[in-house]
Amino acid sequence: MSDQGPAKEIFFTNGGLDESRLKAIVADTLSGTDDGELYLEYAQSESLAWDDGRLKSASFDTTQGFGLRGVVGELTGFAHANDMSEAAIKRAAETVKAVKAGYSGTLADSPRATNQQLYVPNNPIDEVAFDKKIALLKSIDEYARDKDSRVQQVSASMSGEWQVVLILRGDGQILTDVRPLVRMNVSVIMGDGNRQEAGFQGGGGRFGYFDFFQDDNWQSNVDEAIRQAEVNLRSVPAPAGEMDVVLGNGWPGILLHEAIGHGLEGDFNRKKTSAFSGLLGERVAAPGVTVVDDGTIHDRRGSLTIDDEGTPTEETVLIEDGILKGYMQDRMNARLMGMKPTGNGRRQSHAHVPMPRMTNTFMLAGNDNPDEIVASLDDGIYAVNFGGGQVDITSGKFVFSCTEAYRVKNGKITDPVKGATLIGNGPDALKKVTMIGNDLKLDTGVGTCGKGGQSVPAGVGQPTLRIDGLTVGGTG
């Protein structure tokens, strides 16, 4: 990015690091390697949680540190520390140099610089006073209890983060990014007689707290959590067996993310451990299915101006009209596969190495009317919301639990069902898509993706979909 002011001020002006000496250290460390970088990070974060009528916890944290990496072929030398000093970086350099012993590589070209700015770099933590944040959480609790007398417990939380990164390449190029991130969650437990059920709603993105303080915003989150809990109070045991299934738009894209998205990341395909390995150019999904990963959408939770190697993010077409077109790549796997980086090299913090990760991954809209898709079911399940799930990347097999789902008979939505799980195989499920809605929607901004022990924010989305012949696990 062209505006390097905040990062340079934090690390050089205030942090005491000398830019020219640091460039010399990194250049010497990475000479003879294939790739690598010095990654400097400064982050502030806070979290406030309100539970059952009182402030349960409040935390504020400041972290900083560096990670120095050298890449030789498939090998990585990496050292990191919280000590942001030249002496610590020099010690790390001696460790990283060991990876290139007896090796003479040519350092890869640095990423192109970019002037794109996908989010306002202000620190959200400083925008709103602490007492006003507490007052909002209290208002959420009171509003939920006044809304429905069956509400027995209310939990609300708010979190914010401000991350500043500076990436120094072996050729002296400096790339920076300043990343805000906020999130709000609301959950309620409602009771009716001896039965209790829960509902949840949240949202967030790379912007400030101000949106959360608009009455329409936080009240709609509470209203949705109560609606889900009320639906679950009316639910009956889910049926079991092979059925046609309609997935709702938006958050149900988490199934796409887990069951298909991970299998399209470069490292799994380079190592041939993905169900999609070696299938570029071949049909892997039904006609009309187009899946993209797009890190360039303004203010989205999964978006990044540059990834954690300095590569600008982009819209990467993964599947187009059912044909596999590409993978999500970091720099190392792209180089080893003879492809170009796609801006998907991500890391949890300075203490982690980057790897290919999703940003905002979703299926594009089709032409079908969502109501007509549901009406097309003779006897099936309409799954609107999902909870947790498990996926095997190599086989593509998945199991996902539904937190809101309905039985559909003769094209009519009947009872909500409880305990439904969807069981299938990601690549097979893509080929069983028979209708694609015109109502693409992204999630509300609550996704967190785990891989290799690292967690990063991510976005998902999809239109309403009909998938034929999925296995439904139930309790009825």
Side-chain angles (χ1 to χ4, degrees), residues 1 3-46 59-72 75-101 107 110-111 113 121 123 125-126 161-181 304-311 331-332 345-355 453-456:
M1 290 177 57
D3 181 11
Q4 299 178 349
K8 284 198 169 186
E9 181 179 359
I10 287 173
F11 300 117
F12 297 144
T13 306
N14 299 333
L17 294 172
D18 183 274
E19 182 177 342
S20 61
R21 290 204 299 268
L22 215 56
K23 287 181 176 179
I25 294 170
V26 174
D28 177 65
T29 304
L30 299 183
S31 175
T33 66
D34 294 322
D35 208 350
E37 73 284 310
L38 175 66
Y39 181 91
L40 306 179
E41 177 190 30
Y42 174 88
Q44 292 182 353
S45 62
E46 73 170 358
S59 64
F60 176 83
D61 192 26
T62 300
T63 60
Q64 65 177 19
F66 71 88
L68 181 58
R69 181 181 66 142
V71 180
V72 171
L75 301 178
T76 296
F78 181 70
H80 65 88
N82 294 326
D83 179 6
M84 191 80 79
S85 68
E86 184 176 316
I89 293 172
K90 284 182 176 179
R91 289 194 297 270
E94 295 305 312
T95 300
V96 173
K97 285 179 183 179
V99 76
K100 64 178 182 178
L107 193 63
S110 290
N123 187 343
I125 298 172
D126 295 337
E161 179 181 313
W162 189 65
Q163 181 194 38
V164 181
V165 301
L166 184 149
I167 300 167
L168 176 55
R169 308 288 311 179
D171 61 3
Q173 184 184 36
I174 289 178
L175 304 124
T176 68
D177 201 11
V178 181
R179 304 165 176 171
L181 187 67
L304 291 171
T305 297
I306 57 174
D307 72 5
D308 294 318
E309 299 177 302
T311 305
R331 287 174 61 89
M332 183 184 79
R346 305 189 63 187
R347 64 180 98 201
Q348 179 175 314
S349 75
H350 66 273
H352 301 82
V353 295
M355 63 177 76
Q454 299 188 41
S455 295
V456 297

Look only at the side chain of [X] and the backbone of [Y], and say whether a donor-acceptor pair between them is shorter than 3.5 Å.
X	Y	value
W162	P121	yes
R179	Q163	no
R347	D308	yes
K90	I25	no
K23	Q173	no
Q454	Q348	yes

Checklist entry - Any luck finding a side-chain donor-acceptor pair between N82 and Q64 under 3.5 Å? => result no

Next on the checklist: Testing the 3.5 Å rule here: is there a donor-acceptor pair between the side chains of Q44 and E161?
Outcome noted: no

To the closest 0.5 Å, what do you measure between [atom1] ([X]) and [atom2] ([Y])?
X	Y	atom1	atom2	result
L175	I306	CG	CD1	5.0 Å
E41	H80	CD	NE2	11.5 Å
F12	S20	CZ	OG	9.0 Å
S31	D171	OG	CG	12.0 Å
L168	I89	CG	CD1	9.0 Å
L38	L166	CG	CG	8.0 Å

Checklist entry - salt bridge (Lys or Arg N to Asp or Glu O under 4.0 Å) between R91 and D83: does it pass, once the steps are laid out? => result CA-CA 11 Å; R91 289 194 297 270; D83 179 6; 3.7 Å; yes

Next on the checklist: Set out, in order, the CA-CA distance, both residues' side-chain angles and the distance that settles side-chain contact (heavy atoms from CB on, under 4.5 Å) for L40 and L17, then state yes or no.
Outcome noted: CA-CA 11 Å; L40 306 179; L17 294 172; 4.1 Å; yes

If you take all heavy atoms of [X] and [Y], which pair is closest and at what distance?
X	Y	result
T29	A93	OG1-CB, 3.2 Å
G70	V99	O-CG1, 3.9 Å
V165	F11	C-CE1, 4.3 Å
Y39	I167	CD1-CG1, 3.8 Å
L107	L30	CD1-O, 3.9 Å
M84	G65	CE-O, 3.1 Å

For the pair [X] and [Y], find out whether any cationic side-chain nitrogen is under 4.0 Å from an anionic carboxylate oxygen.
X	Y	result
E309	R69	yes
R346	D307	no
D35	R169	yes

Next on the checklist: Between T176 and I174, is there a side-chain heavy-atom distance shorter than 4.5 Å?
Outcome noted: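 A side-chain contact exists here, since the closest heavy-atom pair is under 4.5 Å.
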
Checklist entry - Looking at side-chain heavy atoms only, is the closest gap between S349 and H352 below 4.5 Å? => result yes

Item to check | Residue pair D61, S45: steps toward the side chain to side chain donor-acceptor pair (under 3.5 Å) verdict | outcome: CA-CA 5 Å; D61 192 26; S45 62; 4.7 Å; no

